[in-house]
Amino acid sequence: MEGNNLDAAIESLLNVEKQCRLAGDVAGTRKAAVDIVELCFKDSNWKTLNDQIVVLSKRRGQLKQAITAVVQKAMEYIDVTPDVDTRIELIKTLSSVAAGKIYVEIERARLIKRLAKIKEEQGKIDEAADLMQEVAVETFGSMAKTEKIAFILEQVRLCLDRQDFVRAQILSRKISPRVFDADTTKEKKKPKEGDNMVQEAPAEIPSLLELKRIYYELMIRYYSHNNDYLEICRCYKSIYEIPSIKDDQSKWIPVLRKICWYLVLAPHDPMQSSLLNATLEDKNLAEIPNFKLLLKQLVTMEVIQWTKLWEFFKDEYENEKNLLGGALGTKAAEDLKLRIIEHNILVVSKYYSRITLKRIADLLCLSLQEAEKHLSDMVNSKALIAKIDRPMGIVSFRTAQDSNGVLNSWASNLEKLLDLVEKSCHQIHKETMIHKAVLKA
């Protein structure tokens, strides 16, 4: 059919559609509307197809089922469009028809995602990110959970690609990490009457565990921009726990190496200490003995010589540098040295209550100025309690007590003293009684 024949056929079907619609015939209206779309496609008349989709959606009292059928049918033709411009035009037409209609919200989200992918392929990252952010899939009750997560992850990825870290963080918070721990083996409950029917996710949507891996890889990209080593380590720890990774030695060894590196790079705090001890208990660590040795050195309360450590681990670090992210290399090397210095200062504070600044500098292989700077930084970050007497050159690690603390300490000491006096009197009395008994005998 061409030209007038197509127009006549469409006009005839529009009349049929009108009669069915006015009569409340859902099946008839849907079939007539879909037939119009199919006629335009078979004739390869894309402009008429776009026009008829708009016309059908705007007809007075048009049925929801008819609009849904038209949008779903037209979406099948997106991949067979002759060129990119025609594809974009068809997607935009369908998207505008579906806008604001809850019953085709899922279709609109999928259309926007496809349009964003085209824009990204054209190098228009900003446009693609803006398009994706228009859709709030977390409010869609009938969309499958995995499809929602995949959509939000795509939003996060585009924000990271355009260096919009603030928005990426906001979007990532829409996904709770606990959702990945759900037991997928359980049977799905049958929906009750009146509940929203959840649609099945398309075949190209990854599984929940695969989405977990993608989520944490994106979070690693986010935390890498401000060198938040502890959070990066926790992300790798979560990836390490995925069964598909943990069951394959070739996959978990690189991940475990990264966990060890980022643990060493992370500043000392209770969370870091807990992760460090938990990692040391991992049996798989025996497969990478060098890293086990590195973690053990950090746990042991002994001063670590930076030069010897760097000589031993320099090759390992160079091998890992590319995997750590290229540009992170130099910064990470400086931070590694800083963490070793901080560890050594904490060790010194455990063994000494007062020590000269010169002696600390000798122990840490630093100049007096560097030793003082690192001490001050740790006190400012509240990782350490210390006072420096600069004229005397003495560092005191004793904690200052308030008046209540001093009184409590005195009371405790007096209690111990009285206890000792009582025990001594008892022992003297006991010896006296024994001595008298011996004399009588």
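Excluded from the calculations below are hydrogen atoms, water molecules and symmetry mates; all remaining heavy atoms, backbone and side chain alike, are included. Counting begins at 1 with the first residue of the sequence. None of the values given here were measured: they were computed from a predicted structure.
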Could you tell me whether the side chain of [X] and the main chain of [Y] form a donor-acceptor pair under 3.5 Å?
| X | Y | answer |
| --- | --- | --- |
| Glu370 | Ser367 | yes |
| Asn408 | Asn404 | yes |
| Arg354 | Ser396 | no |
| Gln272 | Leu263 | yes |
| Asn277 | Ser273 | yes |
| Gln155 | Val135 | yes |
| Ser274 | Met271 | no |
| Thr356 | Arg359 | yes |
| Ser424 | Leu420 | yes |

Worksheet item: Going through the distances and angles, do Asp228 and Tyr222 end up as a side chain to side chain donor-acceptor pair (under 3.5 Å)?
Response: CA-CA 9 Å; Asp228 193 340; Tyr222 168 72; over 6 Å; no
Least distance between heavy atoms, [X] atom then [Y] atom:
| X | Y | result |
| --- | --- | --- |
| Lys292 | Leu280 | O-CD2, 4.0 Å |
| Leu211 | Pro206 | CD1-O, 3.8 Å |
| Arg108 | Ser95 | NE-O, 3.5 Å |
| Ser57 | Gln62 | O-CB, 4.3 Å |
| Val137 | Phe151 | CG1-CD2, 3.5 Å |
| Ala128 | Lys119 | CB-CB, 4.1 Å |

Fill in: CD (Glu204) with more than 12 external heavy atoms under 6.0 Å
yes
Quick check: do [X] and [Y] have side-chain heavy atoms less than 4.5 Å from each other?
| X | Y | answer |
| --- | --- | --- |
| Thr93 | Leu49 | no |
| Ile259 | Leu275 | no |
| Tyr262 | Leu230 | no |
| Tyr77 | Trp46 | yes |
| Phe313 | Asn290 | yes |

Worksheet item: Would Leu384 and Leu375 count as a side-chain contact (heavy atoms from CB on, under 4.5 Å) if you check the C-alpha gap in whole Å, the side-chain angles of each, and the deciding distance to 0.1 Å?
Response: CA-CA 8 Å; Leu384 182 71; Leu375 264 170; 3.7 Å; yes
Discussion item. With ring pair (Phe, Tyr, Trp, His ring centres under 6.0 Å) as the criterion, how do Phe291 and Trp261 come out once you've worked through the C-alpha distance, each side chain's angles and the decisive distance to 0.1 Å?
Written reply: CA-CA 8 Å; Phe291 288 90; Trp261 275 121; 5.6 Å; yes
Charged N to carboxylate O below 4.0 Å: is that the case for [X] and [Y]?
| X | Y | value |
| --- | --- | --- |
| Lys148 | Glu138 | no |
| Glu342 | Arg339 | yes |
| Lys246 | Glu241 | yes |
| Glu105 | Lys101 | no |

Worksheet item: In terms of the angle between their ring planes, are Phe165 and His225 parallel, tilted or perpendicular, with boundaries placed at 30° and 60°?
Response: parallel
Discussion item. One pair to check against side chain to side chain donor-acceptor pair (under 3.5 Å): Thr86 and Asp83. What are the steps and the verdict?
Written reply: CA-CA 6 Å; Thr86 308; Asp83 53 58; 2.6 Å; yes
